[in-house]
Amino acid sequence: MKTLYAIQGTGNGHLSRARDIIPILKKKQLDLDILVSGTQADIQIPHPIKFQLKGWSFIFGKKGGVDVWRTFQKTNSARLQKEIKSIPVSDYDLIINDFEPVSAWASKLKQKQCVALSHQSAVLSPNAPMPKKPDPFGKMILQNYAPSTKRFGLHFKSYEENIFTPIIREEIRNVLTKEGGHYTVYLPSYSDKKIINILSKVKGINWEIFSKHNHSEYVSKNIRIQPINNEGFVQSMATSCGILCGAGFETPAEALYMKKKLLVIPMKGQFEQQCNGAALQEMGVPLIKSLKIKHIDQLKSWVEDNSRVEVDYPNITESIIDQILQESI
């Protein structure tokens with residue numbers, strides 16, 4: 001079966017998940033091509049990529065949200081339309097799409113079946129938690145960004161049929177965890193200066209910050225700043241006291257799997273992260289709305305609290321792929 005696996009390249013979560021999914025797809029004797037679009041990822045996948053596209057990426061800002069102006073500047077509608085027309089979706093028997101807009105829209109325009117396997121598919125479920133404050137515009141973007149004909153979702157819980165618990169990559173499943181003397185921080189939508197200013201006020205704590213905005217390592221008082229590195233990040237999480245991060249999907253899921261203390265800060269104006277925040281809060285994970293001085297007491301309380309949220313995330317990746325293949329024949 002000639003198969004196209006299309007992956008969103010904005011952020012690291014989609015590509016991290018792909019590192020485990022691609023070997024399973026190859027194991028199924030599929031004639032596999034890989035497409036990646038987006039410009040904000042910091043990791044690579046160790047497999048040949050047939051289509052490497054710019055796609056439609058959201059640019060992380062430094063104040064807790066998406067940089068709308070830079071995102072607008074980087075969005076070239078003529079180039080995006082050209083990319084959509086360039087993908088020969090008609091040549092494929094099956095298209096598996098992880099929230100990737102170019103192949104999704106190419107499939108829609110040519111009335112080709114496109115199977116979504118993504119976290120976003122689960123977020124859109126009426127049974128999944130939603131934030132108290134409605135965001136019709138954000139929801140509309142999520143619904144139309146990467147259209148599909150069939151959805152398989154991944155979420156922190158299995159809220160309905162065809163919504164599965166997270167795909168935890170083998171690298172995380174196999175790492176040795178222990179309680180170290182630091183906290184791991186990944187907040188890509190905040191500047192290093194902002195993070196240092198706030199976290200330095202929590203005395204007696206060692207922070208390891210993985211930065212999207214800096215390419216060299218340095219130490220400032222009790223804070224170590226380093227560029228994003230997959231191996232280093234995994235080791236830092238595995239040996240941490242706890243993890244402070246945005247309300248994305250993969251990092252919080254991995255933190256929960258490792259039985260680490262977790263605190264999340266959803267990105268401003270990002271509907272998916274607001275939904276994730278609502279789901280995590282429902283599970284008992286603490287949340288603060290932003291990285292500001294007024295939330296310092298909540299941050300200190302989290303550091304002092306040793307409670308954990310228990311989850312069960314079995315390795316069901318291959319069974320998900322089998323179900324997709326069975327329902328797509």
Side-chain angles (χ1 to χ4, degrees), residues 1-60 70-121 141-154 167 169 228 230 249-250 272 317 320-321 324-325 328-329:
M1 184 186 296
K2 191 166 178 59
T3 303
L4 179 66
Y5 180 33
I7 310 155
Q8 168 65 255
T10 297
N12 299 319
H14 306 271
L15 290 172
S16 294
R17 180 162 56 241
R19 290 162 72 105
D20 273 28
I21 290 177
I22 290 169
I24 294 173
L25 292 173
K26 289 185 173 181
K27 177 183 174 182
K28 302 301 176 182
Q29 304 295 314
L30 300 173
D31 182 4
L32 182 68
D33 287 336
I34 298 170
L35 180 154
V36 177
S37 78
T39 58
Q40 287 278 286
D42 301 292
I43 66 170
Q44 304 296 320
I45 52 174
H47 302 279
I49 298 172
K50 181 158 187 177
F51 304 101
Q52 181 77 66
L53 309 171
K54 291 188 176 180
W56 181 17
S57 290
F58 295 101
I59 309 298
F60 293 118
R70 286 189 63 211
T71 297
F72 175 76
Q73 286 180 313
K74 292 282 186 179
T75 302
N76 184 321
S77 60
R79 186 258 306 148
L80 184 59
Q81 290 179 48
K82 185 177 180 180
E83 286 185 344
I84 290 171
K85 292 176 182 177
S86 74
I87 304 304
V89 291
S90 299
D91 294 348
Y92 293 93
D93 303 304
L94 173 63
I95 298 163
I96 301 175
N97 185 291
D98 188 346
F99 203 55
E100 192 291 305
V102 177
S103 63
W105 277 99
S107 299
K108 185 176 179 65
L109 292 173
K110 295 189 177 180
Q111 298 183 324
K112 185 77 177 178
Q113 179 180 232
C114 180
V115 178
L117 173 58
S118 66
H119 170 57
Q120 290 76 13
S121 293
I141 291 176
L142 200 65
Q143 288 172 326
N144 294 284
Y145 183 84
S148 61
T149 52
K150 190 171 184 63
R151 291 177 178 168
F152 292 82
L154 305 165
I167 291 176
R169 48 190 167 136
I228 297 168
N230 181 60
F249 180 55
E250 281 72 22
E272 178 194 339
T317 308
I320 296 172
I321 298 300
I324 291 173
L325 295 177
S328 300
I329 295 174

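Each residue takes its place number in the sequence, starting with 1. For the numbers below, each heavy atom of this structure counts, side chains included, while hydrogens, waters and symmetry mates do not. Keep in mind that what you see is a predicted model, and the values were worked out from it rather than measured.
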### Message
I'd like to check K112 versus L4 (side-chain heavy atoms, cut-off strictly below 4.5 Å). Are they in contact?
### Response
no
### Task
Give the ring-plane orientation class for H14 versus F99, where under 30° counts as parallel, over 60° as perpendicular and anything between as tilted.
parallel
### Task
Identify which one of S118, S103, S107, S148 satisfies the side chain to side chain donor-acceptor pair (under 3.5 Å) criterion when paired with N97.
S103
#### Entry: Heavy-atom pair of closest approach, residues S121 and A116
OG-CB, 3.4 Å
### Query
Where the side chain of E83 meets the backbone of K54, is there a donor-acceptor pair that is under 3.5 Å apart?
yes
#### Entry: Ion pair K2/D31, N-O distance below 4.0 Å
yes
### Message
For the CD1 atom of I95 and the CG atom of L35, what is their distance to the nearest 0.5 Å?
### Response
9.5 Å
### Message
I'd like to know if the side chain of Q8 pairs up with that of Y145 as donor and acceptor (distance under 3.5 Å, no hydrogens or angles considered).
### Response
yes
#### Entry: Pair Q113-T149, side-chain donor/acceptor within less than 3.5 Å
no
### Nearest heavy-atom neighbours spanning L25 and I321
CD2-CG2, 3.8 Å
### Task
Please assess D33 against D91 for the test side-chain contact (heavy atoms from CB on, under 4.5 Å), listing each intermediate value before the final yes or no.
CA-CA 11 Å; D33 287 336; D91 294 348; over 6 Å; no
### K85, NZ: over 12 other non-hydrogen atoms inside 6.0 angstrom
no
